Structures are given as C-alpha cells and as structure tokens.
There are 2 protein chains.
Amino acid sequence: MAHSPQTGYTIKKWIENEYSYFWQESYGQIYPTLKKLVAEGYANCEPEAKFENGRGQIIYQITDAGRLELTNWLKKEPQIEKLRYEILLKISFGKNAETQTLLTHLDEFKTRNKRLVQEMNSYMVQMDERSEEVECFYSQLTALCGVYVYSAMEKWAEEAKRRILERNNEKNE
Amino acid sequence: MAHSPQTGYTIKKWIENEYSYFWQESYGQIYPTLKKLVAEGYANCEPEAKFENGRGQIIYQITDAGRLELTNWLKKEPQIEKLRYEILLKISFGKNAETQTLLTHLDEFKTRNKRLVQEMNSYMVQMDERSEEVECFYSQLTALCGVYVYSAMEKWAEEAKRRILERNNEKNE
DNA sequence: GTATCCATGTAAATGGTTACATGATTCG
DNA sequence: CGAATCATGTAACCATTTACATGGATAC
C-alpha cells in the first residue's frame, strides 16, 4: 500500500513474490488487519471502487496518518528475529539418528539452498534489466541478503556432510 | 530428556544455552507438553523424586516409546523454516525512510552478528576443550552453522551500508 | 463447460509469549 | 535478612495458520 493502492489479494501476491524468503502473511492476517488499519485511520478503502467492474474488489490506500506511522515504525529498532530451524534441531539430536538420515536431510537442505541462491541471483538480474522502469534498489539489497545467507547455508551443509562422513570413517577403522 | 533425565526447568536452561540461536521455548510451552508427553506414554516422571530434597522438582525421563517416536521424528524431512526478518522488511521499505535510519539499523545488525560469530566461535573452542568428557560433535556442527550464517549477515550488512552510501553520494553530485 | 484465477472473508484450531502466583533454597 | 536462583505452573492474551465458503472472470 505504501507503494501503490492495493487490494488484499494483490498485497498477498506481492508478499509471495517479493518477500517470501524473509516474510509471509496469510489471508487470515491480511484481511482483518486491513479493516483494522481503516478503523484506525491509517488507510482508507475506496467504496466507489467496490464492484466497479463487477468484481468485489476493495482497493486500499494509505493515508497521511498511515505514512507518518510507517516512518515512525521504520525508525524503531528492528526486533531481533526468532528463528526455528528444525533441521538444526534434528542435527543436534544426531546421536539418536542414523548417519544416513542426517546425510539425507543435509543433502536436501543443500539442494534447496543452492536453488534459492540461483533464484535470488536471477531475481537480481531481472531487477537490473527493469531498473529504469521501477525503483528496485531496496529489493535488490534484500535479495542480496538472500544470496549471502543461502550461500552460507549451502556451504555449511556441505561442510557438515563432510565432517559426518569423516567421523564415520574414523569410527569404522 | 533424550540425553538425560531432566526437569522442566533444566530443559528450559538447556535450550537457552545450547539452542537459543536457532530454537526457543517458554515455560508456557514446556510444562504443558511435558504433561502431555507423560499422558501419551512418551515420557514418565519419577513420583519418588517429587519433593525428594524438600523441592518440588519433577524429573522426567524418556520412555522406549518416546525414543521410538524421536527416531521417527528425526527421519521425517525437516520443515522448511518460516523466517521473519524485520530488518529486511524495513530495508525493503527504504524509500520511505531516511538514509540515516537505514544505516543505523544496518550498523546495529552488523554489530550484533559480529558478536554472535565471536560467541559461536568461543563456544566451539569450549566444546573442543571438553571433547573428552562430553559428546559434543553435533553441538559443534550446529554452532558451525551459526558461524557461517552470522558471518554472512555481517558481511551483507557491511555491503548494504556501502551500497547505500555510494548511492547517496551519486544523488548529491 | 470446467478449471483456474481473482477476490473477500471467517471460524476454529494451533502455536507461542507474557505476566503472574507460589514457595523453597542458596549465597553473600 | 535480602537477593538471586531453582522450580512449577496457569490464565490471558496475542499471533498465525488452516480450512472452508462464496462467487465472478478468464482461458482453454
């Protein structure tokens, strides 16, 4: 909404496309909070746009109060993220698992992260190509973070596999 | 519990010490689930240990059924983690913020990640020193992941700052 | 004509934190 | 003695997902 008027649906799609790797919301969150934002005066919906083209779409727009609130929020120190890496939890219980299980998990994790690095990179190239049309500097910055993190994860998974195999060989000697 | 008999309290402390960077639980989760585990037969508590030394501590132990369930769970593919990096959300709204705000956030993020890398490294050294006493191979593996990820984040924050400053200079020319 | 997408919404369930109450023990 | 820590627990609240219902528009 801060970028342009949006419907709840397009906000969801927007998040899926641009933010999915570090943020996600469900309709169960989006629709009620949009209503709340209107009630608080941070957004307004265009009633004239309702059923405009036979559709039930409701277009929301940010208000001046909303922009003010946004900049206030942006100034506040970002919350420390609460992570829950199930793969790490499982690895930490490695003693109770078969070696093969761990290697399989790490392999899948590595493959997934490799794919994500590629996705992020091609996303950044796409952005470069469209850089004249759309403001994309900040999207690229966040995508770059993805490249850094996913690469790190990929490398870690490789190293973890190596160490597990090495340890296994020592045991069998 | 899979490692040794534990009270709810010691489980919490354990998680805080060993897992805090990738997992966290509150008492509000731990105590009810311990009871649930007993009800399902995956754990049992020692009633004879209750009030043993004047304390109300309840020591839980994993059962055979619990171990079986644990290995089954370990075999299952780890869930894809749902991340919520508020800092990335704020950066992506950079257009609506002052440059100084973004640089401050990135600076704090960088400092925090730098500190975490150091923590993880010293944790790994500690583990090395105690490697004869305790099984620590898997704890080290997960700590290593921390080193990789936090280093990546630190480097990204540095690069992001650099790009923002560079862009700012171009604008002012 | 039927499958997919556009579009809005809610109810129930689950997941998780916070704040509080309680009381013993330990350390200075 | 007072503060910190050990230790258990719950109720209220907040956050979030899932599953479902509805129906028009579009594409094949």
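Below, chains carry the letters A, B, ... as their sequence lines are ordered, and counting in each starts from 1. Keep in mind it's a predicted model, so treat the numbers as computed, not measured.
- Put simply, T7(B) has no side-chain N or O that comes within less than 4.0 Å of OP1 or OP2 on dC6(D).
- Hydrophobic clustering, with ILVMFWY side chains joined whenever heavy atoms are under 4.5 angstrom apart, keeps Y138(A) apart from Y123(A).
- The aromatic rings of H3(B) and F93(A) lie parallel to each other, their planes meeting at an angle below 30°, with 60° marking the opposite boundary.
- The side chain of Y60(A) has dG9(C) as its nearest neighbour among dA7(D), dG9(C), dG9(D).
- A side-chain N or O of T10(B) and one of Q6(B) form a donor-acceptor pair less than 3.5 Å apart.
- In this structure, the CD atom of Q79(B) is 16 Å from the P atom of dT16(D), given to the nearest Å.
- E86(A) is linked by a salt bridge (charged side-chain N to carboxylate O under 4.0 Å, His left out) to K90(A), counting only residues two or more places apart in sequence or in another chain.
- Rounding to whole angstrom units, CD1 of residue I80(B) and C1' of dT17(D) are separated by 16 Å.
- Inspection of the W23(A) and E25(A) side chains reveals an N or O donor paired with an N or O acceptor under 3.5 Å.
- Take R67(A) and apply the salt bridge (charged side-chain N to carboxylate O under 4.0 Å, His left out) test, not counting sequence neighbours, and it matches no residue.
- For N17(B) and dC6(D), the CG to C1' distance is 14 Å, given to the nearest whole Å.
- If you measure from atom CD1 of I58(B) to atom C1' of dT22(C), you get 14 Å, rounded to the nearest angstrom.
- Whole-Å rounding puts the I30(B) CD1 to dC6(D) C1' distance at 14 Å.
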Legend entry - Nucleotide-resolved protein contact map, nucleotides 15-20 of chain C, B/S/- at heavy-atom distance under 4.0 Å: -BBB--
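- The nearest whole Å value for the distance from the OH atom in Y31(B) to the P atom in dT22(C) is 17 Å.
- In this structure, Y9(A) places its OH atom 9 Å from P of dT8(C), rounding to the nearest Å.
- Geometric assessment of K12(B) against the ring of Y27(B) yields a positive cation-pi assignment under the 6.0 Å and 45° thresholds.
- Atom NZ of K36(A) and atom C1' of dT10(C) are 17 Å apart (whole Å).
- In this structure, K35(B) reaches the sugar-phosphate backbone alone: every heavy-atom distance under 4.0 Å involves primed, P, OP1 or OP2 atoms, never a base.
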